[in-house]
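The structure appears right after this line, and notes come after that.
Side-chain atoms are counted along with the backbone in the values below, which use heavy atoms only and exclude waters and symmetry mates.
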Amino acid sequence: MHRNKILEDIEVDYLYHLGLDSSMNLKALFGNVKFVCMGGSPDRAYEFVKKIQERSDKTLIIEQFGKTERTSLYKIGNVISMSHGMGMPSILIFLHEITKLLEYAGCIDYIFLRLGTSGGIGIEPGTLVLTTEAVNSNFKAVFDHQVLDKTYSFPTNLDSKLIARIQSCVKTTSRLVLGKTLGTDDFYEGQGRLDGALAPLYTDIEKHDYLQRAFMMGVRNIEMESTAFAAFCVRADIPSVIICVALINRLNGDQITSTKEEMKHYTDNLLDFVAGFVYDQSDCIK
Ligand code: R2B
Ligand code: URA
């Protein structure tokens, strides 16, 4: 555990991007939280709490907290559902602030789940990927974090017990595979796309060679937050998992051409699966 002792000396800690602060009665508002579910989009954060609410036959109420400029943060029962924006700098801000919030609220034994979209490698669109390891662009299970003038390589291991618990929920209807997730700093060049605005730095053959090597290394999807998310959770000693839906098979192309209906079907598959898991695990949610 590498929590920050300096916080004890700050009279009021302003969780600037959440629009909440430590002078509020965070214990009363958030003291029961056991699950923090985060994904890139504010709409998905809301759809997720709706799905939990449907499971409770509408007995649970949805509350929204904080300001909505940078994130949407909802609470239902003992579950927080919030958006984290796109990319590692954005998710890191919210990881710091939500972890401090839970600390001030006196929460214990909580877990973090990232529910994301991703580009699949060698899998059909709509498939869910449960991440075994978050890897960087060299396929190493580390997050290289630039701090002042030093680069730190933090491990990105995810919680194997939690992965097994989630795996045990898989029903025949859910298409879920286990695999490594490649975390990148860019949607275009960083993920080997040839359809960015700038002249590509690689050929089609080099792109396919890279994606094939990723597949051979056990990578099943690519997104933009996994390594930072996993490394933060390891450092903070918070059990965490990443489940993403693939929107495309990158071995077949770069452009995401799914219709609105197909996209909804894919993300519903993800949200239903995780809502089912969270609802089943959570005693006090009911
Ligand atoms: C998946 O989708 C977003 C890019 O479209 C990014 O946040 C990610 O990780
Ligand atoms: N998100 C990504 O980061 N990449 C994709 O290809 C799709 C969604």
Q) Are the side chain of Ser90 and the backbone N or O of Gly87 linked by a donor-acceptor pair below 3.5 Å? A) no
Q. Which pair of non-hydrogen atoms, one from Thr71 and one from His17, has the smallest distance, and what is that distance?
A. CG2-O, 3.8 Å
Q) Are side-chain heavy atoms of Phe35 and Ile80 found at a separation under 4.5 Å? A) no
**Q.** Any side-chain donor near an acceptor of the partner, Lys264 and Asn269, under 3.5 Å
**A.** no
Q) Taking the side chain as C-beta and beyond, is there a heavy-atom pair between Lys100 and Leu15 under 4.5 Å? A) yes
Q: Say whether Asp144 and Tyr152, considering side chains only, have a donor N or O and an acceptor N or O under 3.5 Å apart.
A: no
Q.
Using side-chain heavy atoms (C-beta onward) and a distance below 4.5 Å, is Ile242 in contact with Cys244?
A. yes
**Q.** Distance-only polar pair, side chains of Asn221 and Thr181, donor-acceptor under 3.5 Å
**A.** yes
Q. Should Val177 and Val245 be counted in the same cluster of Ile, Leu, Val, Met, Phe, Trp and Tyr side chains packed under 4.5 Å apart?
A. no
Q. Where do Glu63 and Phe65 come nearest, in terms of heavy atoms and distance?
A. CB-CE1, 3.7 Å
Q.
Do Ser23 and Asp21 pair up side chain to side chain, a donor and an acceptor below 3.5 Å, judged on atom types alone?
A. yes
**Q.** Same cluster (ILVMFWY, side-chain, under 4.5 Å), Phe30 and Tyr14
**A.** no
Q.
Do Arg235 and Phe154 form a cation-pi contact, if we require the NZ or CZ to be under 6.0 Å from the six-membered ring centre and within 45 degrees of the ring's axis?
A. yes
Q: Using atom types as modelled and distance alone, determine if a side-chain donor or acceptor of Arg44 lies under 3.5 Å from a backbone N or O of Glu47.
A: no
**Q.** Working for salt bridge (charged side-chain N to carboxylate O under 4.0 Å, His left out), residues Asp268 and Lys51
**A.** CA-CA 9 Å; Asp268 270 355; Lys51 290 202 183 278; 3.4 Å; yes
Q: Could you check Asp195 against Tyr188 for side-chain hydrogen bond (donor to acceptor under 3.5 Å, both in side chains), going step by step and ending with a plain yes or no?
A: CA-CA 7 Å; Asp195 61 348; Tyr188 288 97; 5.5 Å; no
Q: Look at the side chain of Lys34 and the backbone N and O of Gln281, then say whether any donor-acceptor pair between them is shorter than 3.5 Å.
A: no
Q: Begin with the C-alpha distance, continue with both residues' side-chain angles, and end with the deciding distance and a verdict on side-chain contact (heavy atoms from CB on, under 4.5 Å) for Arg220 and Ile121.
A: CA-CA 5 Å; Arg220 291 295 173 268; Ile121 307 188; 5.7 Å; no
Q: Spell out, as yes or no, whether a donor-acceptor pair under 3.5 Å connects the side chain of Tyr202 to the backbone of Arg193.
A: yes
Q | Sidechain-backbone polar pair: Asn249 side chain, Leu251 backbone, donor-acceptor under 3.5 Å | A | yes
Q: Might you confirm whether atom NE2 of His265 has over 12 heavy atoms from other residues, nucleotides or ligands at distances under 6.0 Å?
A: no
Q) With distance as the sole test, does Arg250 use its side chain to make a donor-acceptor pair with the main-chain N or O of Gln191 at under 3.5 Å? A) yes
Q: Could you pull out the closest heavy-atom pair between Cys37 and Val79, with the gap in Å?
A: SG-CG1, 4.2 Å
Q.
Walk me through whether His84 and Phe229 qualify under ring-ring contact (aromatic ring centres under 6.0 Å, His included).
A. CA-CA 11 Å; His84 59 57; Phe229 173 81; 7.8 Å; no
Q | Contact summary for Ala230 and Thr156, nearest pair of heavy atoms | A | CB-O, 3.4 Å
Q: Quick one: closest heavy-atom pair of Ala199 and Glu189, and the distance?
A: O-OE2, 4.3 Å
Q: Identify whether the distance between the nearest side-chain nitrogen and carboxylate oxygen of Lys207 and Asp254 falls below 4.0 Å.
A: yes
Q.
Main chain of Leu18, side chain of Arg70: is a donor-acceptor contact present, judged purely on distance under 3.5 Å?
A. no
Q. Is there a chain of hydrophobic side chains (I, L, V, M, F, W, Y, each step under 4.5 Å between heavy atoms) that links Val219 to Phe187?
A. no
Q: Please report the shortest heavy-atom distance between Phe143 and Thr227, naming the atom on each side.
A: CB-O, 3.5 Å
Q) Is Ser22 reaching over with its side chain to a backbone N or O of Asp13, donor-acceptor style, under 3.5 angstrom? A) yes
Q: Evaluate side-chain hydrogen bond (donor to acceptor under 3.5 Å, both in side chains) for Asn32 paired with Lys75, printing each intermediate quantity in order.
A: CA-CA 11 Å; Asn32 67 337; Lys75 182 168 181 280; 3.0 Å; yes
Q: Using the rule that two of Ile, Leu, Val, Met, Phe, Trp, Tyr join whenever any of their side-chain heavy atoms come within less than 4.5 Å, decide whether Leu211 and Leu247 are in one cluster.
A: no
Q: State plainly whether one hydrophobic cluster holds both Ile166 and Leu178, where clusters connect Ile, Leu, Val, Met, Phe, Trp and Tyr through side-chain heavy atoms under 4.5 angstrom apart.
A: yes
**Q.** Working for side-chain contact (heavy atoms from CB on, under 4.5 Å), residues Ile98 and Phe112
**A.** CA-CA 10 Å; Ile98 196 69; Phe112 282 4; 3.9 Å; yes
Q: Say whether, by atom type as modelled, one donor and one acceptor occur between the side chain of Glu262 and the main chain of Thr259 under 3.5 angstrom.
A: yes
Q. Is it true that Phe215 and Tyr210 have ring centroids separated by less than 6.0 Å?
A. no
(Q) Could you walk me through whether Ser83 and Ser72 satisfy the side-chain contact (heavy atoms from CB on, under 4.5 Å) test, starting with their C-alpha distance in whole Å, then the side-chain angles of each, then the deciding distance to 0.1 Å, before giving a yes or no? (A) CA-CA 6 Å; Ser83 58; Ser72 291; 4.2 Å; yes
(Q) With rounding to the nearest 0.5 angstrom, report the CD1 to OG distance, Ile248 to Ser118. (A) 10.5 Å
Q. Can you tell if the side chain of Leu60 reaches within under 4.5 Å of the side chain of Arg55, non-hydrogen atoms only?
A. no
**Q.** Pairwise salt bridge (charged side-chain N to carboxylate O under 4.0 Å, His left out) hits with a residue in residues 110-139, at least two apart
**A.** Arg114-Glu223, Arg114-Glu225, Glu133-Lys180
**Q.** Pair Asp159 + Arg165: basic N to acidic O under 4.0 Å
**A.** no
Q) Where the side chain of Thr267 meets the backbone of Met263, is there a donor-acceptor pair that is under 3.5 Å apart? A) yes
Q. Given side chains that start at C-beta, do those of Ile243 and Thr131 come closer than 4.5 Å, heavy atoms only?
A. no
Q. Is the ring centre of Tyr46 less than 6.0 Å from the ring centre of Tyr74?
A. yes
Q: Please step through side-chain contact (heavy atoms from CB on, under 4.5 Å) for the pair Ser160 and Leu158, ending with a clear verdict.
A: CA-CA 6 Å; Ser160 52; Leu158 292 155; over 6 Å; no
